[in-house]
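Worksheet for the structure shown next.
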Amino acid sequence: MVHGRPEFTGHIEVRGLTKRFGSFTAVDHLDFDVEPGRVTGFLGPNGSGKTTTLRMLLGLVRATDGTATIDGHRYADIGNPLTVVGSALEATNFHPGRTGRNHLRVQAAVAGVPDTRVDELLELVGIPAAARKRAGGYSMGMRQRLGLAAALLGDPRVIILDEPANGLDPEGIRWLRGFLRQLADEGRTLLISSHMLSEVEQTVDDVVIIANGQRVAQGTVAELRGEPTAYVRTSDPDRLSQALRDRGLAVAPSGRGLRVTTEDLAVVGDVAHASDVAIHELRSEQTHLEELFFNLTESEEHRNRNLARPPGGAPVDLPPPSGPPIDPALLAEPAQAAQRAQSAQPSGAPDHDGDLR
Amino acid sequence: MTAAVRAELRKLFTTRLWWGMAIAVLLSGAAFAVLFAFVFTSDAVRGPQAAAAPRTDAALAKAVFTGGLQVGYLLTLSIGVLTIGSEYRHQTITATFLAIPRRGRVMAAKVVSLLAVGALYGLLSLAGAVGAGTLVLTSKGVAPFADTSIWRTLALSLLVLGLWALIGLGTGILIPNQVAALLISVAVAWIVEPLLGLVLALTDWGKSISPYLPSRATSAMLESTSGGFDGRPITQLSWWAGALVLIGYAAVMAGLGTWRTLRADIS
């Protein structure tokens with residue numbers, strides 16, 4: 001089923017995109033592509049330049065250098081852009097005295113869309129009655145749904161959502177996930193920004209991860225995860241690992257057990273049985289994407305420039321806010337770490353040559 | 001472009017601002033018309049103290065029918081400030097520029113819609129003023145429509161309100177804080193600038209400047225005479241020169257605002 005205007009396929013291309021605010025480089029020579037029919041997660045910690053990038057793509061912020069185009073066109077050069085690109089940037093941008101429905105009617109007037117479409121969309125995002133009340137009293141979740149309806153108004157090929165899951169309850173997030181999947185299956189291009197990988201991990205096909213305005217990773221979720229592995233704990237690790245290697249599997253010790261590069265747990269079990277060792281634990285192990293995300297975005301050269309660094313130059317040992325196991329050494333002297341953070345001074349952007357490309 | 005104008009008008013008519021303003025414009029038009037009609041036809045303004053009071057039927061009618069316009073243009077000035085100020089304040093400007101990335105077109109649509117809204121409020125003001133004023137004037141034996149130049153004044157009063165709305169539009173952009181923009185623009189237009197005009201008129205060199213102030217140009221445009229501190233009528237421009245001066249102010253303010261809007265990053 002063809003949606004929107006046929007002259008657009010919905011390919012987003014970002015090349016060398018740069019934005020400097022004075023001496024501060026918010027976005028630094030960013031390159032990435034977003035393909036139609038897929039949900040692409042645009043990830044990075046707070047302050048990494050995601051919103052600025054999206055705003056440059058949408059012609060709201062002027063790029064210092066580089067280009068961001070949709071099928072080769074700058075956003076501002078697309079006639080009636082709402083029918084090509086739908087976007088929801090912040091959940092807050094509604095006039096509190098105007099009803100949600102009227103907010104959409106204002107946009108509909110520009111896009112040349114009839115008011116009946118407005119009511120259809122309100123039905124679709126599940127707020128038909130509430131949208132007739134003034135937006136000042138809306139909850140965050142309602143604002144998100146209204147923003148989503150606004151983005152879909154012109155039946156666009158490309159849908160760009162900035163932190164769409166913010167403020168949604170778990171039921172709402174599940175609904176959103178299914179909804180986005182359906183939109184992508186219809187052949188649309190979806191670009192979803194988030195500062196939480198776990199929030200979009202189950203939704204996205206591709207990810208672009210940025211830190212300090214630079215790309216640190218791009219690929220499919222499967223590529224980022226790497227090869228599937230199995231974790232096995234046994235009575236005789238040496239014997240089992242030898243037997244597994246004889247079967248041509250890569251084995252590495254992992255904690256008290258072994259990590260085997262395979263997604264087939266049965267093979268591991270069979271080999272253990274054949275070599276007469278007892279299995280204490282056997283499970284498939286996935287690379288924890290959240291951990292990967294932090295490794296990428298919090299590694300020394302990509303450490304958040306918004307966090308302070310001590311005068312000596314060594315980064316402050318701030319543990320990541322959540323997610324992966326925290327090195328106990330970091331927690332040894334929290335008071336000292338806090339003290340150092342307080343006396344720390346901001347410094348220039350660090351070097352970036354360790355990008356995963 | 002018509003779609004952009006329609007969107008701008010929908011923005012205005014989907015909040016409560018417009019009908020509150022409409023009631024105020026209608027009432028002030030009627031109230032000032034009645035007040036001026038009684039005052040100017042009373043014996044109190046027959047003495048030499050009131051040389052600036054209108055004497056002829058035509059002058060009386062103009063003064064009475066446009067009596068509420070000073071309040072009216074302060075209101076449309078506020079609408080002009082709010083039309084852009086609330087977009088920045090509530091960040092709806094993002095949605096506006098996403099729908100129409102050619103920002104010059106957005107600003108042009110705002111100008112057209114504000115002129116239309118000014119004319120609409122002008123009609124409301126005149127409905128109140130002409131309705132109530134005619135009753136009082138005819139009861140006092142004045143024939144308000146005897147001189148046809150009254151129609152020109154009535155037509156121009158529609159333009160006056162639109163032009164002041166454009167001055168507000170420019171102010172709303174140049175002063176980014178909406179509340180500050182509102183307070184400053186109303187205070188200047190209502191108190192500072194008219195007083196400045198009167199003070200300037202006392203000096204020899206100021207006499208040649210004061211007719212070009214916005215409020216003086218507005219009176220000139222409407223051909224309503226007003227008195228200075230000494231009670232004598234202040235010299236003012238002819239109606240067309242006053243109109244050109246006020247159009248000039250509106251164009252400069254809206255132009256400056258547009259120029260700033262075209263360049264700004266919206267974040």
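Reminder, nothing fancy here: chain letters follow the sequence lines and each chain counts from 1. Computed from heavy atoms alone, side chains included, the values below leave out hydrogens, waters and symmetry copies.
In terms of heavy-atom pairs under 4.5 angstrom with chain A, the leader among B:T92, B:L98, B:T94, B:T15 is B:L98. Chain B forms more heavy-atom pairs under 4.5 Å with one residue of A:V106, A:N102, A:L58 than with any other, namely A:V106. For the set A:R98, A:R62, A:Q107, the count of heavy-atom pairs under 4.5 angstrom toward chain B peaks at A:R98. Your options are B:E8, B:K11, B:R6, and the one with the most heavy-atom pairs under 4.5 Å with chain A is B:K11. Annotation: maximal heavy-atom pairing with chain A below 4.5 Å, among B:S86, B:A4, B:A109, B:A95, occurs at B:A95.
Note on ring orientation: taking the six-membered ring where Trp is involved, the planes of B:W164 and B:Y73 are parallel (angle under 30°, cut-offs 30° and 60°).
The cationic atom of B:K62 (NZ for Lys, CZ for Arg) does not lie both less than 6.0 Å from the six-membered ring centre of B:F65 and within 45° of the ring axis.
Looking at B:R89, neither its backbone nor its side chain comes within 4.5 Å of chain A, counting heavy atoms on both sides. With a threshold of 4.5 angstrom between heavy atoms, A:R55 approaches chain B through side-chain atoms but not through N, CA, C or O. For B:A264, the part lying under 4.5 angstrom from a heavy atom of chain A is the backbone only. The contact between A:A76 and chain B is made by backbone and side chain atoms together, counting heavy-atom distances below 4.5 Å.
In summary, B:R10 and A:D115 engage in a salt bridge, as defined by a charged side-chain N under 4.0 Å from a carboxylate O. In this structure, A:R157 does not pair ionically with A:D71, as no charged nitrogen and carboxylate oxygen lie closer than 4.0 Å.
Taking the six-membered ring for Trp and the full ring otherwise, the centers of A:F32 and A:F42 sit less than 6.0 Å from each other.
Using a 3.5 Å distance cut-off with no hydrogens or angles, the side chains of A:T83 and A:R5 do pair a donor with an acceptor. For the residue pair A:H11 / A:D33, a side-chain donor-acceptor distance below 3.5 Å is found, with atom types taken as modelled.
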